J.: 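One structure follows; several queries about it will come next.
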Amino acid sequence: MTLEQTLKQATVEIFNQQFNATISPEAVTINITNADHEGDYTIVVFPLVRVSKKSPEQTAELLGNALIEKTNVIAKFNVIKGFLNLTLTDSYWLQRLQNIAENASFGTFPANGQKVVLEYCGPNTNKPLHIGHLRNMLLGYSSSEILKAAGYDVTKVNIYNDRGIAICKSMVAYTRYANAATPQSTGIKGDHFMGDWYVKFNEIVTEEIKALPNAPTDKDEAQKLTPIFKEAQELLLKWEAGDPETVALWKKMNDWVYEGFHETFKLLGVDFQKDYYESETYKLGRDLVNEGLEKNVFFKRKDGAVAVDLTPEGLDEKVLLRADGTSIYITQDLATAKLRHEEFDMDKMIYVVANEQDYHFKVLKLALQKLGYKWADGIYHLSYALVESPTGRFKSREGKTADADDLIAEVLRIAEEKTKELGKIEGFTAEEASTLYRTIGLGALKYFVLRVNPYKKIIFNPEESIDFHGHTGPFIQYTNARIAAIMRKAGGAVTMSADVIAAYSLSEVERELIILMSEYENVVKAAAEKYDPSEIANYAYNLARTYNKFYHESPILSAPTENEKQVRVALSGETGVIIKKAMKLLGIDVPEKM
RNA sequence: GGCCCCGUAGUUUAAUGGAUAAAACGAAAGUUUCCGGAACUUUUGAUAGCAGUUCGAUUCUGCUCGGGGCUACCA
């Protein structure tokens, strides 16, 4: 039982005895005491006065005394208004620290038997990854790590939107102008190579529109009249018909893209246990929709399209199958969901997709629920806001500024520059140095993205780029490097003796640090429940900041007494351990020297 | 038009309905003896507006004003 549970339970029992009243443990709110007041934990008694029928102060006083009687961990308490501030004994905290240090799996929960399928990334294969994918991938990967720590069995999957008119556009431009160039022959990364031909296509469209006799003012309308667009449409038809030459070209170009993507995935450290391809699922779903017709939960409109009526749920009527019986996006998503359930028998299915598609996922979940699939209750859309430039939304037309690979390269370059400036890596081999630049640069980038709550939009200013001071990844990494240096000199982790645990008197910061570490497992749990890595990110920062404060206030290796040295080294070692654990949940490596 | 999300110091972010709203960046000043100065200590400054719910509201409700998104037999 955790301390909070113990205190809640004791409070419930005390109320039962003293007031003959039954309250639930959930009704007892316990917070960490505000920094401005003395105490470790605070029980807010306002909600309890209704039961005690005494003033908040009297109730708190009574409860405080009773808790001291009942438990053996409370040293003292004070009452301010309706707040009961409890101070635990130093030996409780030291013992707690020792227990944490001895428990290698502190912060990871035992398997809960629940399976999760988590879909993330979901790129189109006609252009390179951009900053939005970056946010998606970092969120997806980190969420998966957090869920695993919370005891879930997680399978990460990706879905490639590898077909359609956009891909055909690149193919047409390539066929017309490339002269059989390849990523290898040009030295261009495969996904960028594909993207370049997509850009080329659009350039030609613009030219051909100019040549049009009576071009419509609407750009989309005008595009449809251009020869190159018509070629792309023909190509799409040929692809759908399975024309061998077209399919071969399509496959060749997509393989280039995958090679490029995989390079980026590897650099970022994200991975997938299974890949899905739209080209294999785009026709699925028809049977499922017909099943809905039979069950009378979907209906056929007069025009022949099959739709679901979601007006009772506050949404609209939504078409699920075209009048000609072919699938649309939602149709295949329904089918893919069912397919995955058959494959994985998961309890939860999480989709990491931008908030533009909030509506889509509401429909998806409701439609599956109407079909009677119980597992649809476990569908969760991990929705995140778009990344915007200071001037508004990143458009692909704005080009380079939003490109994921460029952004990564830039941040690695800055990491190298700053590290060299500081000159702390003497004795590093060239390879060690470049690994370090990567660790720090990616640490900065990942932290920058993950520290923000997913539903909040991120304003990203490429000019100002990413910082390495203050509330950043490198700051946390640096703190660990500093701790690592101390631990090397101390000769490794220490175990505190029973005498020290019993008699040591903690300073304010030391106490603060232990309380923070003690909270780590609650933070992991909360982050998993909320699907929110920013909880972990902010926690890690807090821990690092508190440690630095401690570090500056308290001599560690040169502490005045052996007891102080023992406690402070133990404190340092475990802080390092938890920093590493937390950062791992964010997908961020932590160097021992930097 | 309808629906959804967001609005906190100059800027970027925090705060299960709890105490005097917390940090970082920026700006200004400082850290002789010290284990790593990517650090630490000061100073500076904010809940868009108006009501309501209650012991208590950044948080919940309603309205107003701003910003974004969705509302395709596109993906």
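Please read these numbers as outputs of a predicted model, since none were measured by experiment. So that the names make sense, note that chain A is the first sequence line, chain B the second, and so on, each numbered from 1.
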J.: For the rings on Phe83(A) and Phe46(A), is their centre-to-centre separation under 6.0 Å?
T.: yes

J.: Picking from U71(B), A75(B), A19(B), which would you name as closest to the side chain of Gln357(A)?
T.: A75(B)

J.: Atom CG of Leu315(A) to atom P of A72(B): distance rounded to whole Å?
T.: 12 Å

J.: Please check if any side-chain donor atom of Asn563(A) sits under 3.5 Å from a side-chain acceptor atom of Thr561(A), or the reverse.
T.: no

J.: Find out whether Leu364(A) and Leu334(A) are in side-chain contact, i.e. whether some heavy atom of one side chain is under 4.5 Å from a heavy atom of the other.
T.: yes

J.: Under 4.0 Å, counting only non-hydrogen atoms across every strand here, what does Ser554(A) touch: a base, just sugar-phosphate, or nothing?
T.: base

J.: Less than 3.5 Å apart, any donor N or O on the side chain of Thr439(A) or Asp589(A) sitting next to an acceptor on the other?
T.: no

J.: Report yes or no: do Tyr551(A) and Ser572(A) form a side-chain donor-acceptor pair below 3.5 Å?
T.: no

J.: Report the distance from atom CG of Asp316(A) to atom C1' of U71(B), rounded to the nearest whole Å.
T.: 6 Å

J.: Run the ring-centre check on Trp250(A) versus Tyr277(A) and record whether the distance is less than 6.0 Å.
T.: no

J.: Just by protein heavy atoms under 4.0 Å, how would nucleotides 58-63 of chain B read 5' to 3' in B, S and -?
T.: ------

J.: Taking the same atom, C1', in A19(B) and in U33(B), what whole-Å distance lies between them?
T.: 41 Å

J.: What is the nucleic acid contact for Ile440(A), judged by heavy atoms within less than 4.0 Å: base, sugar-phosphate only, or nothing?
T.: base

J.: Here's a test of your reading of the structure: between Leu422(A) and Leu557(A), which maps to the more 5' nucleotide of RNA chain B?
T.: Leu557(A)

J.: So if I apply the side chain to side chain donor-acceptor pair (under 3.5 Å) rule between Thr42(A) and each of Asn85(A), Asn34(A), Asn31(A), Thr29(A), which one comes out positive?
T.: Asn85(A)

J.: When we call it a touch if two heavy atoms are under 4.0 Å apart, what does His37(A) touch: a base, just sugar-phosphate, or nothing?
T.: base

J.: Looking only at atom C1', what distance separates U31(B) and G36(B), rounded to whole Å?
T.: 16 Å

J.: Write down the distance separating the P atoms in U43(B) and A22(B), rounded off to the nearest Å.
T.: 12 Å

J.: Using atom CG of Asn355(A) as one end and atom P of C5(B) as the other, report the distance to the nearest whole Å.
T.: 11 Å

J.: Indicate, with a heavy-atom threshold strictly under 4.0 Å, whether Glu317(A) touches base, sugar-phosphate, or nothing.
T.: nothing

J.: Quickly work out the Leu543(A) CG to A39(B) C1' distance and round it to whole Å.
T.: 15 Å

J.: Tell me which pairs pass salt bridge (Lys or Arg N to Asp or Glu O under 4.0 Å) where either residue lies in residues 474-490 of chain A, with sequence neighbours left out.
T.: none

J.: Give the C-alpha distance, both sets of side-chain angles, the deciding distance and a yes or no for ring-ring contact (aromatic ring centres under 6.0 Å, His included) between Tyr198(A) and Phe201(A).
T.: CA-CA 5 Å; Tyr198(A) 188 71; Phe201(A) 176 92; 7.0 Å; no

J.: Would you mind telling me which residue lines up with the more 5' stretch of RNA chain B, Tyr541(A) or Arg50(A), judged by nearest nucleotide?
T.: Tyr541(A)

J.: Taking the ring of Tyr478(A) and the ring of Phe475(A), is the distance between their centroids below 6.0 Å?
T.: no

J.: Look at all strands and tell whether Thr42(A) reaches a base, only sugar-phosphate, or nothing, counting heavy atoms closer than 4.0 Å.
T.: base

J.: When every nucleotide of nucleotides 12-18 of chain B is labelled 5' to 3' by its protein contacts under 4.0 Å (heavy atoms), B for base, S for sugar-phosphate only, - for none, what sequence of letters results?
T.: BSS-B-B

J.: If I pick the P atom on C63(B) and the same atom on C4(B), what distance separates them, to the nearest angstrom?
T.: 10 Å

J.: Taking only residues at least two apart or on different chains, which pairs with a member in residues 533-557 of chain A satisfy salt bridge (Lys or Arg N to Asp or Glu O under 4.0 Å)?
T.: Glu512(A)-Lys549(A), Lys530(A)-Glu535(A)

J.: Look for any protein N or O under 3.5 Å of an N or O in nucleotides 40-44 of chain B and output each such pair with its distance, or none.
T.:
{"unit_1": "C40(B)", "atom_1": "O4'", "unit_2": "His552(A)", "atom_2": "NE2", "d": "3.1"}

J.: Let me see the working for Tyr539(A) and Leu516(A) under side-chain contact (heavy atoms from CB on, under 4.5 Å), right down to the final yes or no.
T.: CA-CA 9 Å; Tyr539(A) 172 84; Leu516(A) 249 183; 3.7 Å; yes

J.: Checking all strands, does Thr419(A) fall into the base, sugar-phosphate, or nothing category for heavy-atom contacts under 4.0 angstrom?
T.: base

J.: Out of A19(B), C25(B), G36(B), which has the shortest distance to the side chain of His469(A)?
T.: C25(B)

J.: Nearest of C73(B), A19(B), C4(B) to any side-chain atom of Asp358(A)?
T.: C4(B)

J.: Using distance alone, with no hydrogens and no angle criterion, decide if Glu574(A) and Tyr520(A) have a side-chain donor and acceptor under 3.5 Å apart.
T.: no

J.: Using a 4.0 Å heavy-atom cut-off across all strands, classify Tyr551(A) as base, sugar-phosphate, or nothing.
T.: base

J.: Could you give the CZ-to-C1' distance, from Phe550(A) to C34(B), as a whole number of Å?
T.: 14 Å

J.: How far does the C1' atom of A14(B) sit from the matching atom of G2(B), given to the nearest Å?
T.: 34 Å

J.: Give the rounded distance in Å between these two atoms: OH of Tyr329(A) and C1' of A72(B).
T.: 14 Å

J.: Take atom C1' in A27(B) and the same atom in G45(B), then report the distance between them in whole Å.
T.: 11 Å

J.: Does NZ or CZ of Arg451(A) lie under 6.0 Å from the centre of the six-membered ring of Tyr541(A), at an angle within 45° of the ring axis?
T.: no

J.: Rounded to whole angstrom, note down the C1' distance from A46(B) over to C25(B).
T.: 15 Å

J.: Please confirm whether the shortest side-chain N or O distance from Lys489(A) to OP1 or OP2 of G36(B) is below 4.0 Å.
T.: yes

J.: Between Ser383(A) and Asp358(A), do the side chains contain a donor N or O and an acceptor N or O under 3.5 Å apart?
T.: yes

J.: Write down the distance between CD1 (Ile32(A)) and C1' (A19(B)), rounded to a whole number of angstrom.
T.: 15 Å

J.: Rounded to the nearest Å, what distance is computed from the CZ atom of residue Arg488(A) to the P atom of nucleotide G36(B)?
T.: 9 Å

J.: Considering every strand and a 4.0 Å limit on heavy-atom distances, what is the contact class for Ala481(A): base, sugar-phosphate, or nothing?
T.: base

J.: Nearest heavy-atom pair of Ser55(A) and Val49(A): which atoms, and what distance?
T.: C-CG1, 4.2 Å

J.: Need one value for Asp333(A): base, sugar-phosphate or nothing, where a base atom within 4.0 Å counts as base even if backbone is also close, heavy atoms only.
T.: nothing

J.: Only Watson-Crick and G-U wobble pairs, only distances under 3.5 Å, only runs of 3 or more: what stems does that leave for RNA chain B?
T.: B:1-7 with B:65-71, B:10-13 with B:22-25, B:26-31 with B:39-44, B:48-52 with B:60-64

J.: Using atom P in both nucleotides, what's the gap between G18(B) and G1(B) to the nearest angstrom?
T.: 36 Å

J.: Does the side chain of Asn254(A) pick up a donor-acceptor pair with the side chain of Thr125(A) at under 3.5 Å?
T.: yes

